[in-house]
Amino acid sequence: MSTTGAAADPLAALGALPGVAESVESVRKAVDRVYGHRIMRRRSNEITSEAALRGARGSAALSGADWALEEVRRRTDFSGDGEARTVGAALRLTAEAGQLLSVWRQSPLRVLARLHLVAAADRADLVGRPRQAGEPVDEPLIGLPLPDAGEAHGRLEGLAGLIVAGSTAPALVQAAVVHGELLALRPFGSHNGLVARAAERIVLVGSGLDPKSVCPAEVGHAELGRDAYLAALDGYVSGTEEGMAAWIAHCGKAVALGARESTAVCEALQRGAA
């Protein structure tokens, strides 16, 4: 997302796009439903833990490691093949994201570097920093044209500036832009999808929309499917109003589905079935 010549709060302008207000309202209602559930008043820590596990599973699935939830739950060693390492990285990121909320608004680039370090600890000197000119990007499931390192650095700085400056835009809009921009730029040599979805989670939690982190958007993104995810991302990258609104709506559906997932967990706990 280019900010050249943009208004003082370009994210707020996105909130005024056709259909975005409806997406924001739909998400708010879905979040309110899970937070209003009687189980949340007594067992919210359990819901948060379960949402983290399911969110990590969903994010890993979008990065090519589509494991059954119970396999993720029972496994303790994630040092095996590529899929196992992807699931392990997703779990580590979900755990780490909650520790970085206080840093995000002051130093988003520091947080992103930390997320990449956690995700890609086996990549030696390529870990925890944006890619440099000529360095490859290992992100085979995202086929978009790759911005060169200079453009990626510039746009990443621009995104960080918007976050530090603050915005009156709804949390959904801010989270969708952070997520979409990181996928479009792929600023790191690997694990950009996992990092982008972890950053989306940080925005949703830190904004106060989902303070207990019980509405895992990653679950919804996985449920909607990789094809729909990539098609919506194409809309974001197009930069058109219709494309941007479609991406924000897609992210809104994902959050709502994540909230629905946790509502189902609440119902199961209430019935004594989980």
Side-chain angles (χ1 to χ4, degrees), residues 1-15 17 59 89 92-94 96-120 123 125-133 135 137 139 142 144-211 213 217-218 233 236-239 244 247-248 251:
M1 182 188 68
S2 173
T3 60
T4 304
D9 188 356
L11 299 183
L14 295 178
L17 292 177
S59 190
R92 293 193 301 273
L93 281 174
T94 300
E96 186 72 13
Q99 310 302 314
L100 299 171
L101 294 169
S102 62
V103 185
W104 175 254
R105 284 293 301 273
Q106 287 73 42
S107 186
L109 295 182
R110 178 182 163 195
V111 169
L112 292 173
R114 174 62 186 172
L115 290 174
H116 188 250
L117 178 65
V118 168
R123 298 297 294 268
D125 59 326
L126 299 180
V127 166
R129 62 163 178 79
R131 57 187 167 89
Q132 298 175 4
E135 290 181 344
V137 174
E139 207 77 38
I142 299 176
L144 296 169
L146 184 69
D148 65 34
E151 179 183 352
H153 286 203
R155 287 173 59 179
L156 196 61
E157 291 280 356
L159 179 65
L162 291 177
I163 294 165
V164 171
S167 174
T168 61
L172 171 63
V173 172
Q174 296 184 48
V177 168
V178 167
H179 186 172
E181 192 72 355
L182 291 173
L183 286 178
L185 296 179
R186 282 147 290 163
F188 300 106
S190 64
H191 297 80
N192 290 283
L194 293 175
V195 168
R197 292 184 287 275
E200 180 185 48
R201 175 184 286 267
I202 287 172
V203 176
L204 292 170
V205 174
S207 68
L209 175 64
D210 180 21
S213 194
E218 305 97 322
L233 179 61
Y236 177 86
V237 172
S238 75
M244 297 289 285
W247 170 250
I248 294 168
C251 291

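- Aromatic ring pairs are classed by plane angle as parallel below 30°, tilted from 30° to 60° and perpendicular above 60°; the pair His116 and Phe188 is parallel.
- Each of Leu209, Val205, Asp210 was scored for a side chain to side chain contact (heavy atoms under 4.5 Å, CB included) with Ser207, with one residue passing: Leu209.
- Taking all atoms of both residues into account, the shortest heavy-atom contact from Arg186 to Pro145 is NH2-O, 2.9 Å.
- Between the side chain of Trp247 and the backbone N or O of Ala176, at least one donor-acceptor pair lies under 3.5 Å.
- The shortest heavy-atom contact between Ala198 and Leu93 is CB-CB, 4.3 Å.
- Identified under the ring-ring contact (aromatic ring centres under 6.0 Å, His included) test for residues 144-174, with sequence neighbours left out: none.
- The side chain to side chain contact (heavy atoms under 4.5 Å, CB included) test with Leu112 is passed by exactly one of Leu100, Ile202, Leu156, Leu117: Leu156.
- In this structure, Glu96 does not pair ionically with Arg92, as no charged nitrogen and carboxylate oxygen lie closer than 4.0 Å.
- A donor and an acceptor atom, one from each side chain of Arg201 and Ser213, are located under 3.5 Å apart.
- Legend: residues meeting side-chain contact (heavy atoms from CB on, under 4.5 Å) with Ala160, ordered by chain and number and at least two apart, are Pro108, Leu109.
- Counting only distance, with no hydrogens or angles, the side chain of Glu139 and the backbone of Asn192 share a donor-acceptor pair below 3.5 Å.
- Put simply, the residue from Val177, Thr168, Val178, Ile163 that forms a side chain to side chain contact (heavy atoms under 4.5 Å, CB included) with Leu11 is Val177.
- Rounding to the nearest 0.5 Å gives a distance of 12.0 Å between NE2 of His179 and CG of Leu172.
- In terms of modelled atom types and a separation under 3.5 Å, the side chain of Arg197 and the main chain of Ser59 share a donor-acceptor contact.
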